[in-house]
Amino acid sequence: MSLFSGLEKFGFKPEDSKEILKSEKKEEHKEEQKKEPVKKEIPPEKDFLLPKTVHCKVCEKDFRTKVVKSGKTRRLQPDRDLRPRFQYIDTLKYDVFSCPHCGYSALARDFDNIIPARTKLIREQISSKFTPQEEPEADFYTYDMAIARYKLALLNTTVKKGKESEKAYTCLKLAWILRGKADTLSEDIPEEKEAKKKCQEEEEVFYQQAYEGFNKAISEEMYPICGMDENTMDYLLACMSYHFEKYEMASKCLARVLTSSNASRRLKDMALELKEDIVAQLKH
Ligand SMILES: [Zn+2]
(Lines give C-alpha, C1' and ligand atoms only; values in the text may rest on other atoms or scores of the structure.)
Protein backbone atom coordinates (compact mmCIF):
# COMPACT_ATOMS: atom_id res chain seq x y z
CA MET A 1 0.00 0.00 0.00
CA SER A 2 1.21 3.40 -0.89
CA LEU A 3 1.87 5.79 1.92
CA PHE A 4 -0.10 8.31 0.02
CA SER A 5 -3.10 6.16 -0.86
CA GLY A 6 -6.16 8.16 -0.18
CA LEU A 7 -4.83 11.16 -1.90
CA GLU A 8 -6.29 10.04 -5.19
CA LYS A 9 -9.32 12.05 -4.47
CA PHE A 10 -7.24 15.14 -4.47
CA GLY A 11 -6.06 14.24 -7.86
CA PHE A 12 -2.77 12.54 -6.92
CA LYS A 13 -1.87 9.17 -8.35
CA PRO A 14 0.30 6.82 -6.23
CA GLU A 15 3.04 7.22 -8.85
CA ASP A 16 3.06 10.95 -8.23
CA SER A 17 3.45 10.51 -4.51
CA LYS A 18 6.45 8.29 -5.07
CA GLU A 19 7.96 11.16 -6.93
CA ILE A 20 7.17 13.47 -4.04
CA LEU A 21 8.91 11.16 -1.57
CA LYS A 22 11.89 10.86 -3.80
CA SER A 23 12.31 14.56 -4.19
CA GLU A 24 11.69 15.10 -0.50
CA LYS A 25 14.51 12.73 0.32
CA LYS A 26 16.71 14.55 -2.10
CA GLU A 27 15.84 17.82 -0.44
CA GLU A 28 16.67 16.43 2.97
CA HIS A 29 19.96 15.17 1.72
CA LYS A 30 20.76 18.54 0.21
CA GLU A 31 20.03 20.23 3.47
CA GLU A 32 22.28 17.86 5.35
CA GLN A 33 25.04 18.64 2.96
CA LYS A 34 24.44 22.31 3.44
CA LYS A 35 24.37 22.02 7.21
CA GLU A 36 27.50 19.95 7.54
CA PRO A 37 30.08 22.65 6.77
CA VAL A 38 28.24 25.16 8.98
CA LYS A 39 28.57 22.85 11.95
CA LYS A 40 32.28 22.38 11.39
CA GLU A 41 33.03 25.90 10.27
CA ILE A 42 36.53 26.79 11.30
CA PRO A 43 37.32 30.46 11.65
CA PRO A 44 40.20 31.46 9.39
CA GLU A 45 43.58 31.75 11.10
CA LYS A 46 43.84 35.43 10.21
CA ASP A 47 40.94 36.17 12.57
CA PHE A 48 43.26 35.36 15.47
CA LEU A 49 46.09 37.57 14.30
CA LEU A 50 47.12 41.19 14.55
CA PRO A 51 49.77 43.08 12.62
CA LYS A 52 52.54 44.49 14.76
CA THR A 53 55.39 46.82 13.96
CA VAL A 54 58.67 45.75 15.48
CA HIS A 55 61.93 47.66 15.67
CA CYS A 56 65.08 45.75 14.87
CA LYS A 57 68.09 46.66 17.01
CA VAL A 58 70.49 45.05 14.57
CA CYS A 59 69.70 47.14 11.46
CA GLU A 60 67.67 49.85 13.23
CA LYS A 61 64.77 49.46 10.81
CA ASP A 62 61.13 48.68 11.50
CA PHE A 63 59.23 45.77 10.04
CA ARG A 64 55.73 44.36 10.23
CA THR A 65 55.01 40.97 11.69
CA LYS A 66 52.02 39.01 12.90
CA VAL A 67 51.15 38.28 16.49
CA VAL A 68 48.34 36.33 18.10
CA LYS A 69 45.50 38.46 19.48
CA SER A 70 45.37 38.00 23.21
CA GLY A 71 42.11 36.78 24.65
CA LYS A 72 40.84 35.50 21.33
CA THR A 73 42.27 31.97 21.46
CA ARG A 74 40.96 29.02 23.43
CA ARG A 75 43.57 26.94 25.21
CA LEU A 76 43.32 23.15 24.85
CA GLN A 77 44.94 20.46 26.98
CA PRO A 78 48.69 20.71 26.31
CA ASP A 79 50.77 17.73 25.26
CA ARG A 80 52.40 15.84 28.09
CA ASP A 81 55.66 17.73 27.57
CA LEU A 82 53.78 21.03 27.91
CA ARG A 83 53.56 21.83 24.18
CA PRO A 84 50.80 24.44 24.23
CA ARG A 85 47.76 23.74 22.08
CA PHE A 86 44.96 26.07 21.08
CA GLN A 87 41.70 25.57 19.24
CA TYR A 88 41.93 26.45 15.53
CA ILE A 89 45.45 27.85 15.62
CA ASP A 90 48.98 26.74 16.39
CA THR A 91 50.18 29.87 18.17
CA LEU A 92 53.75 28.58 18.18
CA LYS A 93 53.96 29.65 14.54
CA TYR A 94 53.95 33.27 15.68
CA ASP A 95 56.56 33.04 18.42
CA VAL A 96 59.50 34.10 16.27
CA PHE A 97 60.23 37.63 15.12
CA SER A 98 62.34 37.76 12.01
CA CYS A 99 63.65 40.98 10.49
CA PRO A 100 63.16 40.81 6.73
CA HIS A 101 65.82 43.50 6.18
CA CYS A 102 68.84 42.00 7.98
CA GLY A 103 67.91 38.45 8.98
CA TYR A 104 68.09 38.98 12.72
CA SER A 105 65.57 36.53 14.19
CA ALA A 106 64.78 35.37 17.70
CA LEU A 107 61.96 34.11 19.85
CA ALA A 108 59.63 37.05 20.34
CA ARG A 109 60.41 37.11 24.08
CA ASP A 110 64.14 37.48 23.42
CA PHE A 111 64.03 39.69 20.32
CA ASP A 112 64.75 42.98 22.11
CA ASN A 113 67.19 41.51 24.60
CA ILE A 114 70.25 41.86 22.50
CA ILE A 115 73.37 43.70 23.61
CA PRO A 116 75.51 45.75 21.17
CA ALA A 117 78.37 43.22 21.15
CA ARG A 118 75.92 40.62 19.87
CA THR A 119 74.27 42.85 17.27
CA LYS A 120 77.78 43.18 15.83
CA LEU A 121 78.10 39.39 15.55
CA ILE A 122 74.71 39.19 13.81
CA ARG A 123 75.65 41.94 11.34
CA GLU A 124 78.93 40.23 10.52
CA GLN A 125 77.73 36.67 10.29
CA ILE A 126 74.05 36.85 9.36
CA SER A 127 73.22 40.20 7.75
CA SER A 128 76.24 40.16 5.46
CA LYS A 129 74.97 36.98 3.83
CA PHE A 130 71.24 37.53 4.20
CA THR A 131 69.03 38.20 1.17
CA PRO A 132 66.45 40.79 2.26
CA GLN A 133 62.95 39.39 2.08
CA GLU A 134 59.77 40.96 0.85
CA GLU A 135 57.55 41.33 3.89
CA PRO A 136 55.15 38.42 3.69
CA GLU A 137 51.78 39.33 2.30
CA ALA A 138 50.17 36.10 3.42
CA ASP A 139 47.26 36.38 5.85
CA PHE A 140 48.90 33.82 8.12
CA TYR A 141 52.09 31.76 8.33
CA THR A 142 52.09 28.27 6.97
CA TYR A 143 53.98 25.61 8.90
CA ASP A 144 56.79 25.73 6.39
CA MET A 145 57.12 29.52 6.74
CA ALA A 146 57.14 29.18 10.51
CA ILE A 147 59.68 26.36 10.46
CA ALA A 148 61.99 28.46 8.28
CA ARG A 149 61.66 31.38 10.73
CA TYR A 150 62.54 29.11 13.66
CA LYS A 151 65.57 27.73 11.87
CA LEU A 152 66.75 31.25 11.15
CA ALA A 153 66.24 32.12 14.83
CA LEU A 154 68.25 29.06 15.83
CA LEU A 155 71.08 30.07 13.50
CA ASN A 156 71.02 33.53 15.12
CA THR A 157 71.26 32.13 18.66
CA THR A 158 74.30 30.15 17.62
CA VAL A 159 75.97 33.13 15.96
CA LYS A 160 75.33 35.57 18.78
CA LYS A 161 76.62 33.07 21.36
CA GLY A 162 73.47 33.49 23.38
CA LYS A 163 72.49 31.66 26.51
CA GLU A 164 72.37 27.89 26.34
CA SER A 165 68.74 28.02 27.46
CA GLU A 166 67.71 30.35 24.64
CA LYS A 167 69.17 27.95 22.09
CA ALA A 168 67.55 24.98 23.83
CA TYR A 169 64.16 26.67 24.00
CA THR A 170 64.32 27.58 20.31
CA CYS A 171 65.10 23.93 19.54
CA LEU A 172 62.24 22.76 21.75
CA LYS A 173 59.74 25.07 20.09
CA LEU A 174 61.03 24.06 16.68
CA ALA A 175 60.52 20.41 17.63
CA TRP A 176 57.01 21.24 18.83
CA ILE A 177 56.14 23.04 15.63
CA LEU A 178 57.38 20.09 13.58
CA ARG A 179 55.05 17.95 15.69
CA GLY A 180 52.26 20.38 14.89
CA LYS A 181 52.97 20.07 11.19
CA ALA A 182 53.14 16.27 11.42
CA ASP A 183 49.69 16.32 13.07
CA THR A 184 48.24 17.94 9.95
CA LEU A 185 49.59 15.20 7.67
CA SER A 186 47.67 12.02 6.98
CA GLU A 187 49.03 8.48 7.27
CA ASP A 188 46.71 7.44 4.44
CA ILE A 189 48.07 9.60 1.66
CA PRO A 190 51.46 8.28 0.51
CA GLU A 191 53.12 11.70 -0.07
CA GLU A 192 51.82 13.02 3.24
CA LYS A 193 52.93 9.90 5.05
CA GLU A 194 56.43 10.43 3.72
CA ALA A 195 56.41 14.13 4.74
CA LYS A 196 55.07 13.18 8.17
CA LYS A 197 57.90 10.75 8.71
CA LYS A 198 60.42 13.43 7.76
CA CYS A 199 58.80 15.88 10.20
CA GLN A 200 58.99 13.33 12.98
CA GLU A 201 62.64 12.57 12.26
CA GLU A 202 63.45 16.27 12.31
CA GLU A 203 61.46 16.76 15.48
CA GLU A 204 63.57 14.08 17.13
CA VAL A 205 66.82 15.82 16.16
CA PHE A 206 65.77 19.19 17.58
CA TYR A 207 64.24 17.57 20.65
CA GLN A 208 67.56 15.93 21.39
CA GLN A 209 69.35 19.27 20.97
CA ALA A 210 66.85 20.90 23.30
CA TYR A 211 67.33 18.17 25.87
CA GLU A 212 71.09 18.48 25.92
CA GLY A 213 70.83 22.27 25.98
CA PHE A 214 68.45 22.39 28.94
CA ASN A 215 70.63 19.96 30.88
CA LYS A 216 73.56 22.32 30.41
CA ALA A 217 71.43 25.39 31.12
CA ILE A 218 70.24 24.19 34.53
CA SER A 219 73.83 23.87 35.75
CA GLU A 220 74.86 27.31 34.44
CA GLU A 221 71.84 29.58 34.73
CA MET A 222 69.58 31.03 37.39
CA TYR A 223 65.82 30.46 37.45
CA PRO A 224 63.52 31.41 35.91
CA ILE A 225 64.93 29.84 32.75
CA CYS A 226 62.99 30.81 29.62
CA GLY A 227 60.15 31.85 31.89
CA MET A 228 60.07 28.44 33.60
CA ASP A 229 60.51 27.99 37.31
CA GLU A 230 62.53 25.11 38.71
CA ASN A 231 59.52 22.81 39.09
CA THR A 232 58.34 23.30 35.53
CA MET A 233 61.86 22.76 34.21
CA ASP A 234 62.25 19.59 36.31
CA TYR A 235 58.96 18.28 35.00
CA LEU A 236 59.86 19.11 31.40
CA LEU A 237 63.25 17.41 31.79
CA ALA A 238 61.52 14.38 33.27
CA CYS A 239 59.25 14.15 30.20
CA MET A 240 62.14 14.51 27.83
CA SER A 241 64.24 11.98 29.76
CA TYR A 242 61.31 9.58 29.57
CA HIS A 243 61.10 10.13 25.83
CA PHE A 244 64.78 9.27 25.45
CA GLU A 245 64.35 6.27 27.77
CA LYS A 246 66.60 7.74 30.43
CA TYR A 247 64.39 6.51 33.22
CA GLU A 248 66.80 7.09 36.06
CA MET A 249 67.21 10.74 35.11
CA ALA A 250 63.44 11.05 34.63
CA SER A 251 62.81 9.61 38.11
CA LYS A 252 65.31 11.99 39.70
CA CYS A 253 63.65 15.03 38.09
CA LEU A 254 60.19 13.81 39.07
CA ALA A 255 61.23 13.22 42.67
CA ARG A 256 62.26 16.87 42.86
CA VAL A 257 58.84 17.98 41.57
CA LEU A 258 56.94 15.64 43.89
CA THR A 259 58.81 16.71 47.00
CA SER A 260 58.83 20.39 46.12
CA SER A 261 56.97 22.60 48.57
CA ASN A 262 55.91 25.10 45.93
CA ALA A 263 54.99 22.98 42.88
CA SER A 264 51.34 23.37 41.87
CA ARG A 265 48.86 20.56 42.49
CA ARG A 266 48.37 20.26 38.74
CA LEU A 267 52.07 19.85 38.05
CA LYS A 268 52.36 17.27 40.82
CA ASP A 269 49.44 15.35 39.33
CA MET A 270 51.09 15.34 35.93
CA ALA A 271 54.34 14.23 37.57
CA LEU A 272 52.53 11.35 39.31
CA GLU A 273 51.03 10.18 36.02
CA LEU A 274 54.42 10.22 34.38
CA LYS A 275 55.92 8.36 37.31
CA GLU A 276 53.39 5.57 36.84
CA ASP A 277 54.42 5.22 33.21
CA ILE A 278 58.08 5.10 34.16
CA VAL A 279 57.43 2.40 36.74
CA ALA A 280 55.52 0.43 34.10
CA GLN A 281 58.42 0.75 31.64
CA LEU A 282 60.92 -0.42 34.25
CA LYS A 283 58.84 -3.54 34.94
CA HIS A 284 59.10 -4.61 31.30
ZN1 LIG B 1 67.03 44.07 11.05
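Just so you know, residue 1 is the first one in the sequence shown, and it goes up from there. Order of appearance sets the numbers: ligands from 1, and atoms from 1 within every ligand.
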Determine whether the aromatic ring centres of residues Tyr104 and Phe111 are separated by less than 6.0 angstrom. yes

Can you tell me if NZ on Lys246 sees more than 12 non-hydrogen neighbours from other groups inside 6.0 Å? no

Neighbour count above 12 (heavy atom, 6.0 Å) for Glu60 CD: yes

Listed as residue and atom, the protein N/O/S atoms under 2.8 Å from the Zn ion (ligand 1) are Cys56 SG, Cys59 SG, Cys99 SG, Cys102 SG

Of all pairs that satisfy ring pair (Phe, Tyr, Trp, His ring centres under 6.0 Å), the ones with a partner from residues 224-271, not counting sequence neighbours: Tyr207-His243, Tyr207-Phe244, Tyr211-Phe244, Tyr242-Tyr247

Indicate whether any N or O donor in one side chain lies under 3.5 Å from an N or O acceptor in the other, for Thr65 and Tyr141. yes

Salt-bridge present (Asp110, Lys163; N to O < 4.0 Å): no

